[in-house]
Structure formats: C-alpha cells, structure tokens
There are 2 protein chains.
Amino acid sequence: MAIRPAEQLIHKAAWLYYAHGLRQDEVASQLNISRASVAMYLRKARETGIVNISTSTQLFTNDVMARNVEDAFGLDAVWIAPENAYLADPSTDIAVLAASVFLELVKKGDRIGVAWGRTVYTIADIMSFADLQDVTVVQLCGNLGAPYSYRPDQCTMEIARRLNAKGLNFYAPLVLSTEELAKSLRAEPVIRDQLAGIADCDLALYSVGAVDADSHLVKCGALLPAEMEGLRSQGAAGVIAGQIIDAGGEVLDCSYNRRVISAELASLRAIEKRLMVVQEDTKFEPLLSAIAGRLCTHLVIGAHMAGRLLQYAEAATKKAS
Amino acid sequence: MAIRPAEQLIHKAAWLYYAHGLRQDEVASQLNISRASVAMYLRKARETGIVNISTSTQLFTNDVMARNVEDAFGLDAVWIAPENAYLADPSTDIAVLAASVFLELVKKGDRIGVAWGRTVYTIADIMSFADLQDVTVVQLCGNLGAPYSYRPDQCTMEIARRLNAKGLNFYAPLVLSTEELAKSLRAEPVIRDQLAGIADCDLALYSVGAVDADSHLVKCGALLPAEMEGLRSQGAAGVIAGQIIDAGGEVLDCSYNRRVISAELASLRAIEKRLMVVQEDTKFEPLLSAIAGRLCTHLVIGAHMAGRLLQYAEAATKKAS
DNA sequence: GTGCAAATTTGACTTTTGTCGAGAGCCGTG
DNA sequence: CACGGCTCTCGACAAAAGTCAAATTTGCAC
C-alpha cells in the first residue's frame, strides 16, 4: 500500500493540530480545506494510531492493595480497578484498564500471544489504536466456531488491527474428536511452527476460564455440561487458552486436553510478560490455579477480587505459622 | 511527595475522560465537582504527562529524501521537516519534530545524555510532558554562565522535569583557565563518575555548533572572537558538547580543548542512539564533521539542509567514480 | 464519453470544551 | 479572631470541536 495522498493529509493535519497546537480552523486554512474535513481527518488519525492518546495507569499500580497482592503472590505487577467506583459498569472498567496496561507493556518489535474469551475480546474491542511497527500478534490456541462474535481468530485479528500489526492465525480447530487426529495435526508443519513460535513471544494476553456450565468451552460446544462437571470432579480448576488446568496450574490429564490444539503451558511460561485479566468474581479458584502454575506475571483485577486474594494469602500465612 | 488528594482527582478525571471516553460534564457529575474544575484537571493531566498525546513521526521518515540521506551517510534514521511548508516559523518546526522524535526514542529505564545550546533548549522548551519511570537525564558537559536563559544545567533539568525523570548535573565549569586545573578536576571522584557514566547512556541529544563569532562559546565568554578565528585556521570545524572538533569529527588538538570538562568523544560514540538536531542552515560544515566523526546516528534537519547534504554526497560519489 | 455508486467535502447547526473573574474555603500571622 | 494571602471552585460566557445531510468530486464499468 503506497502512501495515498489522503493519508498524507491526515498526517499533516494531525501534526499541525497535535504537535504544533494549532486550532482546527488554522489547520484548515493552512491545508486549504474546510474545518469539517480537518475534524474528520483528526478522528481518522486517532482511529489509526497516527496520534496516540494514552493515560498513565500509575493510579492503579500505586494502590497499596496492588503492592500487597504483588508481594503476597510474587507477581511482577498488579493493577486494581476500583470497583466501588464512579462508573456505571464496573466490569468494563477492568477491561479498559487492561487495555491501557496492555498498550503500556507492548514494545516495538514485540511478538504477542493472544488467547481467547469474552474478556480478551472485550479488551480488543475497547482498545485504542496504536501504530506499533514490527509487532506480530499470534493466536495461542486453535479455533472454535462460537455462538458469539468472539472467536479466537477474531480476537487475534482485532488486536492486530488495532496495533497496526501483523496477525498470525491458527489454522486448526481448538478441539478434535480423537486424540490421534490431534496428534497428527500437531505434527503438521504449519501448526508445529505456530506452536513452536509461541515460546518466542515477549508478551501474552489472556484470561482464565471457570470450570462450570457457563464456560465458553461448554457454550461453544467443545464440552457438554456433564463432561465439564466430570472434569471438575477429576480436579479441573480452570481453563487457560482452551486447556483444562488443575489447582496446581498444570495440564489436567484427561482425554479432552489430549484432543486440544493449543499452546503448551511450558511455552506460555517461557513468555517474559504474561498479562492475565480477570473480570468475573466467580473466577477466584481458577485465578489461584493460574497463579500457582506461574501462568501469570502481570495481573489486572477488580478491587473485590484483590480483597479475596489478600484474605486468602493472609489465611495461608496464618496457617503456616 | 505523597500522593496529594488533588493528584488523585486529576488521575481519576483523566482516566474517565481519556480512557473511558466520558464527556467533561459526565466526569464532573461522577466526581461531584464542577465541569470547569474537570477542564482544569484535564489540562494539568496533560501538562504533567499523566496523559500522553503523541503523534507519529512516520510522515517525516517515510519521506524519500530522508531515506536517501540515511543511505548516503550511513545513518540509522533521518527525519526531515518540510521547510517550504505551511507554518509561520519553519525553524520551530524542526524543534517540534525533534521533540517528538526524542520522545519516541526514549524508553523506560533509559539513561539520556543531554548537551547544550540554543537548539537543545528550544527542544526542551516545547517538548510535551511525559511520565517515564526510571529515566535519568545526565549532563554531557560542564556549565557555563550564559547571558541567555539556557545554561547547560538548565537544559538537563528542564528535560528531566518534562519527562518526570531524575536529572544529574555536572558540578564543574565547562572551561577552566589552565590545563592543569582541568586535569585535576577531571580526576575528582564526583566529576570522574559523571564522565564515566556518559558511556552508559542509551540515548544522546545534542546539536552541533558553528565555529564563528556567533557561537555560544564566544557569546558566553569561553572564547574570544579572535581565538575562535584562530582555531578555525587550525582546522576547527564544529562544536560538540562544548568541544572543538575538526573536519574528521575528532577532538582538535588545542589548549582550549584540554581545558574543557566534557564528555569524551569515545564515550559519546559508545551511546547507541545519538540524536543530532540541526536548525540553522549555516551549520552545514559542522554537521558534515559530526557525521564524519560518527557522532550522530539519528538526525533531525530541515528540508534545505537535507538537500545540501544530498548534493554534497552526489558530488563526492561522482568524484570517486 | 456516459452514467452510476462510493467516497469525499462542505456549510450550517449543535454540542462540548476552554477561560475568566468572582467568590468560597483554608491557613499561618499579628 | 480578624486579616491578608493563597489556592481551589464555580457559574456564565465565548470559543472550538463534533455532526449531519446535501453537494460535489472521484473512480470505474459499460
């Protein structure tokens, strides 16, 4: 794509307006266009990441509670969205915060792994645009036709689009009907390369799923409610990138997991920054499992969840002493 | 400085407005303050770097001319401000561009070396605020009481202030009256550490000075016009961080240079990214010397200067063939 | 060339934002 | 405790930015 003249104009308008601080009508007269056009160009500039407006997330890290959670669970960084707060929809607040944190963690040239779920898609949806060069977004797990609009490949592609980055999709289903087929598929060069490339990521973005009938795996038909219940009694504690993990944060030994095409937990752990975002309060145990399995170094949660984590940590300390 | 309640409010207002996209009156009602206060908080948020508005400098790197200059002189990156352009004051444009480029090059945790001069001070003055954590700004050369408001230490401190970074000043004059004194001073632990720390910088920001009666060195009384003229006939071609360099970009062997307290050129060359900004068209030869001495890897200049550079490169190529 | 659809641009209008002086609250001081 | 000096806050007005339907241009197939 060559630099179209329109693009040039957007750049110039954005430059004069944001860098030089001219008013829209001044920009308009400099470029010999109407002010309305300038307004439109500026909107496009914001939407395409030519200008970047980012707010510091300091407010949320400076929180004493965040520090405590970091210390108690040995995490690199924790952000806590105040839930009692002044917003209509508190769960959106976590996603907005997560999007800001995510953008703050991304560096030029990074390779980013993205998993799938309602949370991740919400983040992708509200994330502002940026113009990162040389960034690659890779999908962490296979695809699943979802009844909703957030399929794994869509999460990946949407985030790639927002960052002006390259998106790398997984050309495989998340779960297959037999273990043999899954094994063969994993051996396919295309898939194998994709799986191997996951460990090279600099940053991962995912949430953790609950093991219940409301799970996406159930809603998307990958598992029946009864199967899910069965897995739970076998020790299933959470869902990471489409895989079932136990309370220790390890892959549960079950047929389902063997039929899944997804990132190996070892590959995920090889990623330096693992950003986990948890919106729902019901995901307390799944989150504990993920932390236990060292699947998360950076965490974005709500104030209530943070409270529960600290309470849990305190109880554990007391018992130990 | 503890987090004052006002600061907290600024953060919240900025967060609701910029991250959540609420209108000012909505923010006002959420926080139970008047809309006028919100507007004021938002201005403060922008001024203190709590929110960051940055425009992509792509427009200027994508320029064909910039690419040509990069290739012709083996530079890592070149930005060219269009001088024929739509702006009242073209020389400001270079400084504004330089400030944007500078902010784009700075990374968290960086150590930044800053020299001194009208250009550098102009950049510091128009640079927008940012909230970089763990950034250190160090002064590249000794101090000089200037008749203007841009003393070396002020350049350093102003940039540090804008970045919300730590500023490290040089507690020494730029030039001493005897070589012996300069030598002793350089051996002082405080000064020695400072000088040694320069090579550890990740980024340097400086301009190059001309060898004439208009030079800062003359205006600030470090050198008499006649002395400057004398140095010129001895091969002086430019001024870098208060030192005289020859056409090859090496330190000129002269008494003045031996009396100066400033970064060694070898230390400067050890800095990965050396951002040089040249506003005045008269600094053509000095710039060539600086490039010859590999004192610049990243360059911000005006279109006219770029034209002269390319013309020069072309002539040199022709002569060679 | 001609006609049509899509994209772009514009002027007029509405909404949102910036600004300023007045007034309220706060604190150390005489 | 009254007094200035200080900062913070507010209401009202002016300025700027966003929006939309209509007009214009552009691109393209025929």
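- Every pair passing side chain to side chain donor-acceptor pair (under 3.5 Å) that includes a residue from residues 94-113 of chain B is listed here, sequence neighbours excluded: B:Thr57-B:Glu104.
- With sequence neighbours excluded, the residues that form a salt bridge (charged side-chain N to carboxylate O under 4.0 Å, His left out) with A:Arg118 are A:Glu280.
- Environment of CD in A:Glu47: crowded, with over 12 heavy atoms of neighbouring residues, nucleotides or ligands closer than 6.0 Å.
- For the pair A:Leu22 CG and D:dA17 C1', the interatomic distance rounds to 15 Å; values are reported in whole Å.
- The distance from atom CG of A:Leu205 to atom CG of A:Leu140, rounded to the nearest 0.5 Å, is 8.5 Å.
- What separates OH of B:Tyr17 from C1' of D:dA17 is a distance of 10 Å, to the nearest Å.
- Here the P atom of nucleotide C:dT17 and the CG atom of B:Asp25 are 7 Å apart, to the nearest Å.
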Review item, nucleotides 11-14 of chain C N/O atoms under 3.5 Å of protein N/O:
none

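- The side chain to side chain donor-acceptor pair (under 3.5 Å) pairs that include a residue from residues 163-172 of chain A are A:Asp131-A:Asn164, A:Gln139-A:Asn169, where partners are two or more places apart or lie in different chains.
- To the nearest angstrom, P of D:dC10 lies 11 Å from CG of B:Leu31.
- For A:Asp71, the salt bridge (charged side-chain N to carboxylate O under 4.0 Å, His left out) test picks out no residue, with sequence neighbours left out.
- Within 4.0 Å of A:Leu42, counting heavy atoms only, lies no atom of the nucleic acid at all.
- Phosphate contact (OP1/OP2 of C:dT15, side-chain N/O of B:Gln24, threshold under 4.0 Å): absent.
- Taking atom CE of residue B:Met40 and atom P of nucleotide D:dA12, one finds them 19 Å apart after rounding to whole Å.
- Partners of A:Ser54 according to the side-chain hydrogen bond (donor to acceptor under 3.5 Å, both in side chains) rule, which considers only residues two or more places apart in sequence or in another chain, do not exist here.
- If you check C:dT9, D:dT9, C:dG18 against the side chain of B:Arg46, the one that comes closest is C:dG18.
- Within the 4.0 Å cut-off from OP1 or OP2 of D:dG18, not a single side-chain nitrogen or oxygen of B:Arg23 is found.
- Comparing the local axis fitted to the first five base pairs of the helix from C:dG1-D:dC30 to C:dG30-D:dC1 with the one fitted to its last five gives a bend of 30°, rounded to 10°.
- Checking the phosphate oxygens (OP1, OP2) of D:dT9, a side-chain nitrogen or oxygen of B:Tyr41 falls inside 4.0 Å.
- Atom CG of A:Asn32 and atom C1' of C:dT8 are 16 Å apart (whole Å).
- Residues satisfying the salt bridge (charged side-chain N to carboxylate O under 4.0 Å, His left out) criterion with A:Arg308, sequence neighbours excluded, are absent altogether.
- For B:Arg43, there are no salt bridge (charged side-chain N to carboxylate O under 4.0 Å, His left out) partners two or more places apart in sequence or in a different chain.
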